[in-house]
Amino acid sequence: MRRRGSFITLEGGEGAGKSTQMARLKTALVKAGHSCTATREPGGSHGAEEIRDLIVTGTANRWDSITEALLIAAARRDHVERLIRPALKRGEWVLSDRFVDSTIAYQGYGRGLPITLLTRLRRLSCERLMPDLTIILDLPVEDGLARAALRKGNGEMRFESETIDFHRRLRDGFHKIAAEDPERCVVIDATQEVESVSALIRAVVRARLPDSGL
Ligand SMILES: Nc1ncnc2c1ncn2[C@@H]1O[C@H](COP(=O)(O)OP(=O)(O)O)[C@@H](O)[C@H]1O
Ligand SMILES: [Mg+2]
């Protein structure tokens, strides 16, 4: 039987460089001969992208925090069942721009929902699926928000418009997540220039997932 593909997630705050680095990692993996599916959360599958619009547009207080967590859980279930699992079964490498750790950071450390509640929702959405490797891009909150502000606006401002304090809790949250699960998570300094960050990411993937051939 063919071995299932590998699942890598990129995490971090707004403007950390997740989308930039995911495209570069995908190129490297394809060059190494892998079939590679790049996806994102919230969203990723058709149904989940419809739910994404509800989550990322509008005012910061559009949803009560539990409603928001339930919308994310519903979108994730669709994404996992319709896109991620089938791709992994086909032996592909799946890269996701945000996944379960963003929920712990944003809805847990950011909004203050109990981590135990979010873990229960995660089990409902993902059952036992977890990433093989999670790369957390880390940089000072102000730097990330300044980068995000330079990006072309598309109305997806619900989280970017949160307070600096909220974004600081996210950054600390990602550090806690990494400290609690060092087998899966690696924190990378994202303040350096794009190519240096890419090289660091490729080195981590090579070391953690030798099958990558990077
Ligand atoms: N290492 C870097 N140094 C400087 N600017 C960067 C770097 N990485 C990404 N950027 C720029 O910062 C902005 C946010 O990057 P992006 O990849 O969209 O971040 P994210 O997806 O994490 O929000 C983009 O305009 C991107 O070109
Ligand atoms: Mg992005």
Side-chain angles (χ1 to χ4, degrees), residues 7-30 36-45 48-58 60 68 71-72 75-76 79 83-84 93-111 131 133-175 177-178 185-205:
F7 183 25
I8 302 176
T9 56
L10 270 103
E11 297 278 6
E14 313 295 330
K18 299 177 297 298
S19 304
T20 305
Q21 294 301 335
M22 210 176 79
R24 295 171 78 97
L25 179 58
K26 180 177 175 181
T27 301
L29 288 167
V30 167
C36 194
T37 294
T39 187
R40 66 165 181 184
E41 286 209 346
S45 58
E49 287 288 328
E50 293 190 320
I51 300 172
R52 176 188 176 95
D53 283 341
L54 297 172
I55 299 168
V56 300
T57 64
E68 179 178 277
L71 285 168
I72 290 166
R76 179 165 299 138
H79 186 209
L83 187 134
I84 298 175
W93 284 61
V94 176
L95 309 182
S96 189
D97 179 343
R98 298 195 179 283
F99 195 58
V100 291
D101 301 302
S102 278
T103 305
I104 302 295
Y106 281 70
Q107 282 66 46
Y109 295 108
R111 303 260 191 251
L133 171 65
T134 295
I135 293 163
I136 297 174
L137 297 178
D138 181 59
L139 84 173
V141 164
E142 288 82 357
D143 299 6
L145 291 176
R147 280 187 193 172
L150 290 175
R151 216 170 29 197
K152 257 191 264 149
N154 59 359
E156 295 190 347
M157 293 293 293
R158 254 193 91 229
F159 292 97
E160 280 166 42
S161 63
E162 273 288 350
T163 62
I164 286 281
D165 201 54
F166 178 86
H167 290 286
R168 292 218 173 91
R169 292 201 299 279
L170 293 187
R171 186 180 186 202
D172 293 346
F174 279 122
H175 283 277
I177 290 166
C185 301
V186 179
V187 177
I188 283 188
D189 174 7
T191 59
Q192 305 171 55
E193 61 180 39
V194 172
E195 180 46 38
S196 310
V197 178
S198 297
L200 274 175
I201 292 175
R202 287 195 300 273
V204 166
V205 173

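Ligands are counted one by one from 1 in listed order, and the atoms in each one are counted from 1 as well.
Looking at A16 next to ligand 1, an N or O pair under 3.5 Å apart turns up. At a 3.5 angstrom cut-off on N or O pairs, E14 does not count as close to ligand 1.
Partner of F7 under the side-chain contact (heavy atoms from CB on, under 4.5 Å) criterion, out of T134, I84, T37, L133: I84 alone. Checked options H167, R168, R169; the residue passing with D165 is R169 (criterion: side-chain hydrogen bond (donor to acceptor under 3.5 Å, both in side chains)).
The line from NE2 of H79 to OG of S96 is 5.0 Å long, rounded to the nearest 0.5 Å. Separating the CG atom in L83 from the CZ atom in R40 is a distance of 12.5 Å, to the nearest 0.5 Å.
Within the protein, the number of N/O/S atoms found under 2.8 Å from the Mg ion (ligand 2) is 1.
Looking from atom 14 (C) of ligand 1 to the surrounding protein, the closest heavy atom is G15 CA, 3.9 Å. Closest to atom 19 (O) of ligand 1 among all protein heavy atoms lies G17 N, 3.1 Å. In terms of protein heavy-atom proximity, atom 21 (O) of ligand 1 is closest to S19 OG, 2.8 Å. Ranking protein heavy atoms by distance to atom 23 (O) of ligand 1, first place goes to R151 NH1, 2.5 Å. Of all protein heavy atoms, the one lying nearest to atom 27 (O) of ligand 1 is T20 OG1, 4.2 Å.
Residue-ligand proximity: V194 is placed with a non-hydrogen atom under 4.0 Å from ligand 1. Remark: distances from the non-hydrogen atoms of A148 to ligand 1 are all 4.0 Å or more.
Of the candidates R147, Q192, Q21, R147 brings a heavy atom nearest to atom 12 (O) of ligand 1.
Closest approach of I55 to P42, counting heavy atoms only: CD1-CB, 4.0 Å. Taking both residues in full, the closest heavy atoms of G15 and R147 are given as O-CD, 3.1 Å, listed atom of the first, atom of the second, then distance.
In this structure a side-chain-to-backbone donor-acceptor pair under 3.5 Å is missing from E162 to A60. Of the possible polar contacts, none joining the Q192 side chain to the V197 backbone as a donor-acceptor pair under 3.5 Å is found.
The pair R98-E14 meets the salt-bridge criterion, since a charged nitrogen lies less than 4.0 angstrom from a carboxylate oxygen.
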side-chain contact (heavy atoms from CB on, under 4.5 Å) between L29 and L95: does it pass, once the steps are laid out? CA-CA 10 Å; L29 288 167; L95 309 182; 3.8 Å; yes
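Looking only at side-chain heavy atoms (C-beta outward), V141 and L170 stay at 4.5 Å or farther from each other.
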